[in-house]
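Please read the structure below before turning to the comments.
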Amino acid sequence: GSGNNQNNKCHGSSVVQTALNMTKMCMGTGTLALPFAAEKGGLIFNVVGLALIAVWNYYCAHCVLRCWDCLHPRIKRGDLDSDIERSSARQPQDYG
C-alpha cells in the first residue's frame, strides 16, 4: 500500500552537498595516490609537482568564483557559506 510507497521515495542532494561530496572524493583519491607518486617521482619532482598543482587549483577556484559572480550577481558568496553550514548541520537521513 501507501506505506510501502513512502519508503521507496528518493531524496536528492543539493548542489552544495553534491559539490562537497565530489570534493571529498577527489581529496581522498589524491591522498591515497600521493605516497606512491612521491616514491616513484622523487623528492624534487614531488615538491615541484605539488607546488604547481596548488597554484593550478588556486587559479581554477578563482575562475569558478568569477563565473559564479557573473552567473549569480544577486547572490553574495556569504550566502553560499551559510548554505554550506546549513547543509553540514543537517542530520543524516535513513533511506532504508
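We count residues from 1, following the sequence as given.
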Distance (rounded to the nearest 0.5 Å) between N57 CG and L52 CG: 11.0 Å
Euclidean distance, M27 CE relative to L20 CG, rounded to 0.5 Å: 10.5 Å
Other residues, nucleotides, ligands: >12 heavy atoms within 6.0 Å of I44 CD1: no
Main-chain N/O of F36 paired to E39 side chain as donor or acceptor, under 3.5 Å: no
